[in-house]
Amino acid sequence: MAKAIPKKGSRGRIGSRKSTRKIPKGVIHIQASFNNTIVTVTDVRGRVVSWSSAGTSGFRGTKRGTPFAAQTAAGHAIRAVVDQGMQRAEVMIKGPGLGRDAALRAIRRSGILLTFVRDVTPMPHNGCRPPKKRRV
């Protein structure tokens, strides 16, 4: 198919809207499972600014659950928001994975001032009923 010729006066969007937004404060969510670590950076209203995971950082299979993969994923997510001017952040950590501490260590090294670190791992208040006892 032939492309339409643009009119002389009309121009596409110049630059990206995401890069123009200045974000002084944000929230960093770390979701660390045994198989993967996902790091999401949002502004204070909860809109996602940047995200990365061990899988998108190039790790495959069992290597995604390693602390080094979590550290790399956190570095990728943080690099984008430091360029947008983020100086302070709150950290919410969820899950039992190996990447919890490694991702937090990478965030501390990035130069962002952490206001607080909170563990938001869901804990059951006696949860679901277990299966019946096995009789042999």
Side-chain angles (χ1 to χ4, degrees):
M1 291 186 83
K3 289 185 181 176
I5 300 168
K7 292 178 185 170
K8 202 172 189 181
S10 69
R11 293 170 96 178
R13 185 190 295 171
I14 300 169
S16 176
R17 252 182 63 204
K18 283 186 180 175
S19 62
T20 57
R21 214 168 34 175
K22 286 286 176 197
I23 304 151
K25 190 170 189 274
V27 183
I28 302 168
H29 300 270
I30 302 168
Q31 210 268 309
S33 69
F34 291 118
N35 297 322
N36 202 355
T37 302
I38 303 168
V39 181
T40 310
V41 185
T42 66
D43 58 8
V44 287
R45 290 181 58 191
R47 294 179 296 194
V48 175
V49 179
S50 170
W51 70 274
S52 182
S53 71
T56 58
S57 299
F59 296 91
R60 284 282 163 246
T62 55
K63 295 182 188 79
R64 285 189 310 187
T66 61
F68 179 68
Q71 181 180 327
T72 310
H76 280 288
I78 296 298
R79 204 171 302 125
V81 292
V82 168
D83 296 340
Q84 293 182 21
M86 185 179 284
Q87 293 129 12
R88 313 184 76 171
E90 305 166 356
V91 179
M92 309 285 200
I93 302 176
K94 183 190 280 187
L98 297 170
R100 294 166 57 103
D101 301 328
L104 185 61
R105 224 174 292 126
I107 293 166
R108 285 229 164 101
R109 270 207 310 268
S110 70
I112 292 178
L113 184 71
L114 301 182
T115 51
F116 66 81
V117 179
R118 181 179 290 165
D119 188 4
V120 290
T121 305
M123 296 294 273
H125 297 291
N126 229 7
C128 301
R129 183 174 173 150
K132 66 181 183 213
K133 202 79 169 157
R134 209 169 149 251
R135 292 192 294 258
V136 181

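Note: hydrogens, waters and symmetry copies are ignored here, and every other heavy atom, side chains too, is used. Position 1 is the first residue of the sequence; numbering continues from there.
Of the inter-residue distances, the one linking Ser53 atom OG with His76 atom NE2 reads 10.0 Å to the nearest 0.5 angstrom. Taken to the nearest 0.5 Å, the CD1 atom of Ile78 stands 10.0 Å off from the OG atom of Ser52. With rounding to the nearest 0.5 Å, the separation of CZ in Arg100 from CD1 in Ile93 is 5.5 Å. Taking NZ of Lys63 as the reference point, atom CG of Asn36 lies at 14.0 Å (rounded to 0.5 Å). Here CG of Leu104 is found 11.5 Å from CD of Gln71. Values are rounded to the nearest 0.5 Å. Rounded to the nearest 0.5 Å, atoms CZ (Arg88) and CZ (Phe116) are 11.5 Å apart.
A side chain to side chain contact (heavy atoms under 4.5 Å, CB included) with Val41 is found for exactly one of Val82, Val81, Val48, namely Val81.
Pairs of residues two or more places apart, or lying in two chains, that qualify as ring pair (Phe, Tyr, Trp, His ring centres under 6.0 Å) and include a residue from residues 29-59 are Phe59-Phe68.
Shortest non-hydrogen contact noted between Ala77 and Ser50 is O-OG, 3.1 Å. When every heavy atom of Pro67 is checked against every heavy atom of Leu98, the shortest pair comes out as CG-O, 4.0 Å. Taking each heavy atom of Lys94 and Pro122 in turn, the nearest pair found is CG-CD, 3.8 Å.
Contact annotation: the side chain of Arg47 never approaches that of Thr42 to less than 4.5 Å [non-hydrogen atoms, C-beta and beyond]. Using a 4.5 Å heavy-atom cutoff, the side chains of Gln31 and Thr40 are not in contact. Two residues are said to be in side-chain contact when any heavy atoms from C-beta on lie closer than 4.5 Å; Val91 and Arg118 fail this criterion. Between Ile112 and Met86 the shortest side-chain heavy-atom distance falls below 4.5 Å.
In the model, Thr121 has a side-chain atom that pairs as donor or acceptor with a side-chain atom of Asp119 under 3.5 Å.
Each of Ile30 and Val27 belongs to its own hydrophobic cluster when Ile, Leu, Val, Met, Phe, Trp and Tyr are linked at side-chain heavy-atom distances under 4.5 angstrom.
Not counting sequence neighbours, the partners of Ala74 by the side-chain contact (heavy atoms from CB on, under 4.5 Å) test are Val39, Ala103, Ala106, Ile107. Every residue two or more places apart in sequence or in another chain that forms a salt bridge (Lys or Arg N to Asp or Glu O under 4.0 Å) with Lys25 is listed here: Glu90.
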Any chance you could lay out the side-chain contact (heavy atoms from CB on, under 4.5 Å) test for Val49 and Gln84, step after step, and finish with the verdict? CA-CA 10 Å; Val49 179; Gln84 293 182 21; 3.4 Å; yes
